[in-house]
Number of protein chains: 2
Amino acid sequence: MVTLAEVARHAGVSASTVSYVLSGKRSISGPTRERVEQSIKELGYHPNAGARALASSRSNIIALMVPLRTDMYVPVMMEIAIAVATTARTHGYDVLLLTGEEGPAAVRRVTGSGLADAMILMDVELEDERLPLLRDARQPTVLIGLPADTVGLTCVDLDFTATGALCADHLAGLGHREIAVVGEAAAVYERHTGFAVRTLEGLRGRARELGLRLLHRPCEGSYESMAGALARIFDERPGTTGFVVQNEAAIDPLLSLLRQQGRAVPEDVSVVAICPDQVAAQASVRLSSVAIPAHEMGRRAVELVVAKLEGHGSDEVALLEPELTVRASSGPAPNAAP
Amino acid sequence: MVTLAEVARHAGVSASTVSYVLSGKRSISGPTRERVEQSIKELGYHPNAGARALASSRSNIIALMVPLRTDMYVPVMMEIAIAVATTARTHGYDVLLLTGEEGPAAVRRVTGSGLADAMILMDVELEDERLPLLRDARQPTVLIGLPADTVGLTCVDLDFTATGALCADHLAGLGHREIAVVGEAAAVYERHTGFAVRTLEGLRGRARELGLRLLHRPCEGSYESMAGALARIFDERPGTTGFVVQNEAAIDPLLSLLRQQGRAVPEDVSVVAICPDQVAAQASVRLSSVAIPAHEMGRRAVELVVAKLEGHGSDEVALLEPELTVRASSGPAPNAAP
DNA sequence: CCGGGTCATTGAAGCGCTTCGACTGAGTTG
DNA sequence: CAACTCAGTCGAAGCGCTTCAATGACCCGG
């Protein structure tokens, strides 16, 4: 194993000079720099991560805590994780993957041991038990998702309240008066997951303003549960002509069932989805949708955390503006005035 | 920040004693151990990861390299990643998340810097450019997936050749003679991804033995591309009564299209999928399928790598036996002899 | 030709931990 | 009872790096 000292000897300089060449924290003359870089290359030197971390109290690692559950939004989580990992690399950081399993204990372990310089948490609940620990951890933290109380926290999320309102606007604008919301599994609402709750609030609030009738039905995502939910929806509100779906797994079943029942999309019913663009574009009917900007969320989270690590950057809540793309699944309500 | 030395002072022992209490590498008397543990708790001590890594040349980190692409099997990758992370924790290791982006450079960086004690690579191609580096890295490595040449490597994978054969057996046993294979996107085969190629080999080999006619069509996974592929299949082989699907995204479109064309499953055509059980169980027709044991693969990979780190454990290829679960999507061929 | 400033480089002091060898005293053995 | 073992503890030497204060070399204006 090649060490700094060996590089220094090979290049005929002191160890500290090599270190400064590597870090760029002091000016080094051209010739010296070149000699050192040459030696590094020749010897195949790689700085030892542990020694660096010890001497500088910086590990250059960002911890990413992903939810253990895989009951929702798996592709989104994966895309966020990958975006975090690649963006972190461009800033010189590696990513440590923590699962929610250990819960608050993981936070304590990582912040205590200096394993990571900062943390990014996903799948934040409205009253998350990890939050108190974060508020007085010495490591900077960024949340992907929005808890109830954001004081002293930095968060990134799609503005789901605005997303709900946007969906309501779109359908109302097309003349739909009775809207059904096909949501995530009931468990997701029960554990007070922010995005699901907020979307619903946004939908309800705007529906009230616009005088729409709104019916919310959680859905497990299986074909069977979708069939059940759909039957109950048309049973209770036969005049339903607009659907908002926030559950990737339920999309295909919904479209398939509507087709089976002879309800044409978008002629008889309109469907708006809240899902990644790729999913919307691949469905049997190209779906009008509000995109989940997973990549952007991961990227922003890293950038916020890096800014904090570098001293600038403050606590802020970065809400991404939702964008609705109109595709082939939404059109004028069948009985609307022209 | 609390250090070992402070704990030692607080407990009235030497630093080395505290260290031995922590590691258990030397015997410590009951009273002393208790005193030290008490001090650790009172002071809220957490060993510093960097210092540990430097002194012991062990980081207690396993690097996991996941593919950057998200064009296939995303939920499977995620499940493997989560299984790796949780299993690693039970052995005292954390997981560093690397994306394929950096390619071989990431391998060099991690092995060179001692950032990780071992590596697990996913999405291995038949002729993977990272393999030469691994063969003479000092860190143990385990591959999830099977390259062409496994000499000197440790691998975990579902036995996809046997999986293909099993699907052929199942359909042949039900009297089907003409089988269509709906595969992954063409790009997956072009980059020689092991699992896709091997499944096909297994299918072809057994089909030949059993005298089945086999038609393979790659598929992007969108509804549109599935429609195209299906049209070409029935065009070319109108007598097709059996389907093998190895592409999660294509499952729903396939079932939906078959229904639209008035072909009943399993009365007119039988479908066997190669996918996680959850997906098979949630489809509109409960699918007969060979499960992808994602969790098991992740777990096994960690256990193999930990065994290597502990000195026992040798190079071996662990192929998991495929299991076919018969559900509602496969039945006797319509024109078969009773 | 000297005081003051800048630039490039160095030596040495740690960072917090693990681990080796040495030491002690109690228990065992011939 | 001397010789020996062994469990339990300690001191000290690093692990490979960063960083601070110090040292020269050099240039400038006065």
Side-chain angles (χ1 to χ4, degrees), chain A residues 1-37 39-40 43-61 92 109-117 138 309, chain B residues 1-37 39-40 43-61 92 109-117 138 309:
Chain A
M1 205 218 169
V2 189
T3 70
L4 224 215
E6 295 175 48
V7 174
R9 201 174 317 128
H10 186 273
V13 298
S14 75
S16 40
T17 302
V18 177
S19 177
Y20 287 124
V21 167
L22 252 24
S23 69
K25 293 192 178 173
R26 293 230 172 147
S27 50
I28 299 287
S29 70
T32 306
R33 161 180 287 101
E34 277 162 34
R35 214 141 30 87
V36 170
E37 281 167 354
S39 297
I40 289 176
L43 300 179
Y45 169 70
H46 285 271
N48 180 85
R52 275 203 154 160
L54 176 57
S56 64
S57 6
R58 288 297 220 101
S59 64
N60 286 300
I61 289 179
R109 193 165 56 82
V110 168
T111 60
S113 67
L115 228 189
D117 297 335
R138 58 181 160 290
L309 283 169
Chain B
M1 205 220 168
V2 189
T3 70
L4 223 215
E6 295 174 48
V7 174
R9 202 174 316 128
H10 186 273
V13 297
S14 75
S16 41
T17 300
V18 178
S19 177
Y20 287 124
V21 167
L22 252 23
S23 70
K25 293 193 178 173
R26 288 210 181 166
S27 51
I28 299 288
S29 70
T32 307
R33 161 181 287 102
E34 278 162 33
R35 216 141 28 89
V36 170
E37 281 167 355
S39 298
I40 288 176
L43 301 179
Y45 169 69
H46 284 271
N48 180 85
R52 276 204 153 160
L54 176 56
S56 65
S57 1
R58 289 296 220 101
S59 64
N60 286 300
I61 289 179
R109 193 166 58 82
V110 168
T111 61
S113 67
L115 227 189
D117 297 334
R138 55 182 161 292
L309 282 169

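The analysis underlying the following values was restricted to heavy atoms, covering all of them including side chains, and did not include hydrogens, waters or symmetry mates. What you see is a predicted model; the values in this text were computed from it and never measured. Each chain gets a letter, A, B and so on, in the order the sequences are listed, and its residues count up from 1.
For A/Arg52, no side-chain nitrogen or oxygen approaches OP1 or OP2 of D/dG16 to under 4.0 Å. A sub-4.0 Å separation between OP1 or OP2 of D/dT18 and a side-chain N or O of A/Ser19 is present. Considering only side-chain N and O atoms, A/Lys25 lies nowhere under 4.0 angstrom from the phosphate OP1 or OP2 of D/dT18. Contact check, B/Thr32 against D/dT9: a side-chain N or O comes under 4.0 Å of OP1 or OP2. OP1 or OP2 of C/dT19 has not a single side-chain nitrogen or oxygen of B/Ser16 nearer than 4.0 Å. The side chain of B/Ser29 contributes an N or O atom lying less than 4.0 Å from OP1 or OP2 of D/dT9. For the pair B/Ser14 and D/dC10, the criterion of a side-chain N or O lying under 4.0 Å from OP1 or OP2 is met.
To the nearest angstrom, C1' of C/dG16 lies 15 Å from NE2 of B/His46. A straight line from CG of B/Leu22 to C1' of C/dC17 spans 10 Å, rounded to a whole angstrom. Atom CG of A/Asn60 and atom P of D/dT18 are 10 Å apart (whole Å). Rounding to whole angstrom units, CG of residue B/Asn48 and P of D/dG16 are separated by 17 Å. The distance between atom CZ of A/Arg58 and atom P of D/dT18, rounded to the nearest whole Å, is 13 Å. A/Ile28 has its CD1 atom 17 Å from the P atom of D/dA25, to the nearest Å.
For A/Thr17, the listed nucleotide lying nearest its side chain is C/dT9; candidates were C/dC17, C/dT9, D/dT9. Out of D/dT9, D/dC15, C/dC7, the shortest distance to the side chain of A/Ser27 is found at C/dC7.
Atom CE of B/Met1 and atom CG of B/Asn48 lie 4.5 Å apart (nearest 0.5 Å). Here the NE2 atom belonging to B/His10 is positioned 4.5 Å from the CG atom belonging to B/Leu43, to the nearest 0.5 angstrom. Atoms CZ and CG, from A/Arg52 and A/Leu22 in turn, are 5.5 Å apart once rounded to the nearest 0.5 Å.
B/Leu54 comes within contact range of at least one nucleobase, with a heavy-atom separation under 4.0 Å. At a threshold of 4.0 angstrom between heavy atoms, the contacts of B/Leu4 include nucleobase atoms, whether or not backbone atoms are also involved.
Taking all atoms of both residues into account, the shortest heavy-atom contact from A/Val2 to A/Gly44 is CG2-O, 4.3 Å.
Between A/Asp117 and A/Ile61, every side-chain heavy-atom pair lies at or beyond the 4.5 Å cut-off.
For A/Tyr20 against D/dC20, a side-chain-to-base donor-acceptor contact under 3.5 Å is present. Contact annotation: side chain of B/Arg26 to base of D/dT9, donor-acceptor pair present below 3.5 Å.
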